[in-house]
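Let me begin by presenting the structure, written as C-alpha cells, before commenting on it.
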Amino acid sequence: MNFDQSFSRENTCAVKFDARQAVFGRDDVIPLWVADTDFAAPQAVTDALVARARHPAYGYTLFPDSLYQSMIHWFREHHAWTIQRAWIRMAPGVVPTLHAAAMAFAEAGEGVIIQPPVYPPFFSSIRKAGRRVVENPLVERDGRYEMDLEHLESCASDPSNKVLFLCSPHNPVGRVWRREELESVMAIARRHDLVVISDEIHADLVYRDRPFHTMLATVCEPGDPLLTTVAPSKTFNIPGMGLSAVVSERSDLLEQLNRVFDSLHMVQCNPFSVTAFEAGYRHGGEWLAEMMDYVRGNRDFVLGFVEQRLPEIKVTDPEGTYLLWLDCRGLGLDDSGLKRFMVEQAGVGMNSGITFGEQGSGFMRLNLGSPLAVIRGALEQIEVAVVGLR
C-alpha cells in the first residue's frame with residue numbers, strides 16, 4: 001500500500017472535506033480534524049464490497065456467523081482476548097452505544113463518570129439522555145496524562161453515580177493505559193458496582209514502539225460489571241459503515257442494553273456494513289501494520305518539527321491513536337482566538353481542544369492520518385503564521 005498516494009475526497013460528501021465551509025468558514029483549510037484517515041481502505045475490503053454490490057438485491061440482512069467468527073479470531077490473535085459468541089451484540093456505532101448505555105444503566109439525573117479531556121460525544125451522549133456528567137479529570141504531569149484514581153474512587157462511592165465511560169486508548173491524549181491502571185479501575189468498579197463502558201475503538205491503533213494495548217476485559221474477574229465496545233471503523237478506515245459490537249460476559253447487562261436498542265429500533269442491517277466489517281477483520285492485518293508504521297513516521301516528523309521550529313507549541317507524545325494533542329497555550333490566545341488563528345492565519349482545520357472539556361482549553365487536536373506531504377504542508381503554514389505572532 002502506498003500511503004503517500006493522494007486522492008481527492010472533495011465532493012464525495014466526506015465530512016472532513018465537504019463540511020469545511022460550515023465548520024471553519026472557508027473551504028480551503030487543510031483538513032486535519034475528523035478522526036478518519038485519507039488512506040484508501042484495505043483492498044480486500046473494497047473487493048468484498050464490489051463483489052457484494054454485483055448482487056442486485058440489497059434487502060434486509062442478517063449478521064452471518066462468519067462475521068462473528070472473524071471478530072472473535074481477530075481479538076484472539078491481536079489482543080489475546082478470547083470472546084464467546086454469546087457475549088457479542090452488534091450495534092449501530094460506538095456513539096449510539098454510549099447513548100444507549102447512559103439510558104440503560106442510569107436513571108434520569110443520575111451520574112455517568114467521564115475522564116476529560118475526552119472525545120466530545122462522551123459529554124453529549126450523557127446530556128442528551130438526561131443523565132448527569134460527572135468529571136474525573138485526567139492529571140497532566142510533564143506532558144503525560146494519568147488517571148486520578150483517588151478522585152475516581154470518590155466519584156464511584158457516590159451511590160447516585162452509576163456508570164463510567166472509559167476511553168482506552170484515550171482520545172485525544174493518546175494514552176495506552178497500563179495493565180495495573182486498568183486493574184485499579186476495575187477494582188473501584190467492583191467495590192461500588194459501577195458499570196464500566198470501555199470504548200476501545202482505537203485498540204488496534206497502537207505504535208509498535210509503545211506499550212501493548214491491554215483490553216480491559218482481560219483484567220476482569222468473573223461477574224465484573226463491564227461492557228466493551230469495539231469496531232473496525234478506525235482500524236480499517238471504514239467509519240462511514242456505522243457498524244460496531246458490544247461485548248460482555250454479563251448477559252444481564254447485555255439484555256439491559258438490548259432493551260434500549262430495541263425500544264429505539266436501532267438495528268444495523270446494512271449489507272455493505274456487514275461485508276466491510278467481516279472483510280476488515282478477516283483480511284486487514286497486513287494493511288493495518290503498514291498503516292501504523294506510516295503514521296508512526298508522521299508522528300515522529302511532527303514531534304521533531306514542533307520541537308525544532310515551533311517552540312511555542314508542545315506535543316503530547318502519543319502511545320496510541322493517529323491523533324496528536326497540541327498544547328498551544330504558549331501562543332497566548334484564548335480558545336476562539338486560537339481556532340481563528342489556525343484557520344485564518346495558518347489555513348489549517350483542527351479540532352479545538354475546548355470541545356473536549358475545559359481541560360482542553362488552549363489545545364488543538366491534529367489528525368496524523370494523511371500523506372506526509374499534507375502533514376508537512378500544514379506544519380509549514382502553521383510555522384509561517386506563528387512567526388507572524390513573534
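Separating the CD1 atom in I88 from the CZ atom in F63 is a distance of 11.5 Å, to the nearest 0.5 Å. Atoms CD1 and CG, on I197 and L227 in that order, are 4.5 Å from each other to the nearest 0.5 Å. Separation of atoms OG (S184) and CD (E153) is listed at 10.0 Å; rounding is to 0.5 Å. Rounded to the nearest 0.5 Å, atoms CG (N171) and CG (L323) are 5.0 Å apart.
Taking the six-membered ring for Trp and the full ring otherwise, the centers of F272 and Y58 sit less than 6.0 Å from each other.
Counting only heavy atoms from C-beta outward, the side chains of V185 and L152 approach each other to under 4.5 Å. Taking 4.5 Å as the limit, some side-chain heavy atom of M342 sits within range of a side-chain heavy atom of M350. Residues V219 and L216 are in side-chain contact: their nearest non-hydrogen atoms beyond the backbone lie under 4.5 Å apart. In this structure the side chain of V206 never reaches within 4.5 angstrom of the side chain of F212, judged on heavy atoms. Residues V118 and F123 meet the side-chain proximity criterion, which asks for heavy atoms closer than 4.5 Å. In this structure the side chain of C328 never reaches within 4.5 angstrom of the side chain of L333, judged on heavy atoms. No side-chain heavy atom of R26 sits less than 4.5 Å from a side-chain heavy atom of R20. Residues V315 and W325 have side chains not in contact (no heavy-atom distance under 4.5 Å, counting atoms from C-beta outward).
When all heavy atoms are compared, the tightest approach of S125 to F165 is OG-CE1, 3.7 Å. Minimum interatomic distance between S198 and L226 (heavy atoms only, all atoms of both residues): CB-CD1, 3.9 Å. Residues R282 and S70 approach most closely at NH2-CB, 3.4 Å, considering heavy atoms.
By the 4.0 Å N-to-carboxylate-O rule, D47 lies too far from R52 to be salt-bridged with it. Of the charged side-chain nitrogens involved, at least one lies within less than 4.0 Å of a carboxylate oxygen, so that R89 and D262 count as a salt-bridged pair. Under 4.0 Å is where a charged nitrogen must lie from a carboxylate oxygen, and between D204 and K234 no such pair does. Note on E110 versus R131: no salt bridge recorded, every NZ/NE/NH1/NH2 to OD/OE distance being 4.0 Å or above. The pair E146-R175 does not count as a salt bridge, with every side-chain nitrogen at least 4.0 angstrom from each carboxylate oxygen. Ion pairing of E319 with R178 is present here, as a side-chain N (NZ or NE/NH1/NH2) and a carboxylate O approach within less than 4.0 Å. A salt bridge between R9 and D18 is absent, with no side-chain N of the basic residue lying under 4.0 Å from a carboxylate O of the acidic one. Here E140 does not pair with R144 in a salt bridge; the nearest charged N to carboxylate O distance is not below 4.0 Å.
Under the side chain to side chain contact (heavy atoms under 4.5 Å, CB included) criterion, A187 pairs with R190, R191, sequence neighbours left out.
Figure legend: cation-pi geometry between R85 and Y68, with NZ or CZ positioned under 6.0 Å from the six-membered ring centre and within 45° of its axis. Both tests hold for R376 against F301: distance to the six-membered ring centre under 6.0 Å, angle to the ring axis within 45°. Seen from the ring of F363, R329 does not count as a face-on cation partner, given the 6.0 Å and 45° thresholds.
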- Task: Check step by step if side-chain contact (heavy atoms from CB on, under 4.5 Å) holds for W177 and S168.
- Result: CA-CA 7 Å; W177 305 117; S168 178; 3.5 Å; yes
- Item | S124/H99 under side-chain contact (heavy atoms from CB on, under 4.5 Å): CA gap, chis, key distance, verdict | CA-CA 8 Å; S124 60; H99 191 111; over 6 Å; no
- Task: Could you walk me through whether W74 and F236 pass ring pair (Phe, Tyr, Trp, His ring centres under 6.0 Å), step by step?
- Result: CA-CA 13 Å; W74 178 270; F236 306 114; 5.4 Å; yes
- Step-by-step side-chain contact (heavy atoms from CB on, under 4.5 Å) determination, K16 to N367: CA-CA 11 Å; K16 188 176 182 182; N367 184 342; 3.5 Å; yes
- Task: Before giving the answer on side-chain contact (heavy atoms from CB on, under 4.5 Å), spell out for D38 and F17 the whole-Å C-alpha distance, their side-chain angles and the decisive distance to 0.1 Å.
- Result: CA-CA 10 Å; D38 298 328; F17 285 78; 3.4 Å; yes
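The aromatic rings of Y322 and H202 stand perpendicular to each other, their planes meeting at an angle above 60°, with 30° marking the opposite boundary. Ring geometry, F75 versus W81: the interplanar angle exceeds 60°, so the pair is classed perpendicular (tilted spans 30 to 60°).
When only modelled atom types and interatomic distance are considered, E200 and H213 share a side-chain donor-acceptor pair under 3.5 Å.
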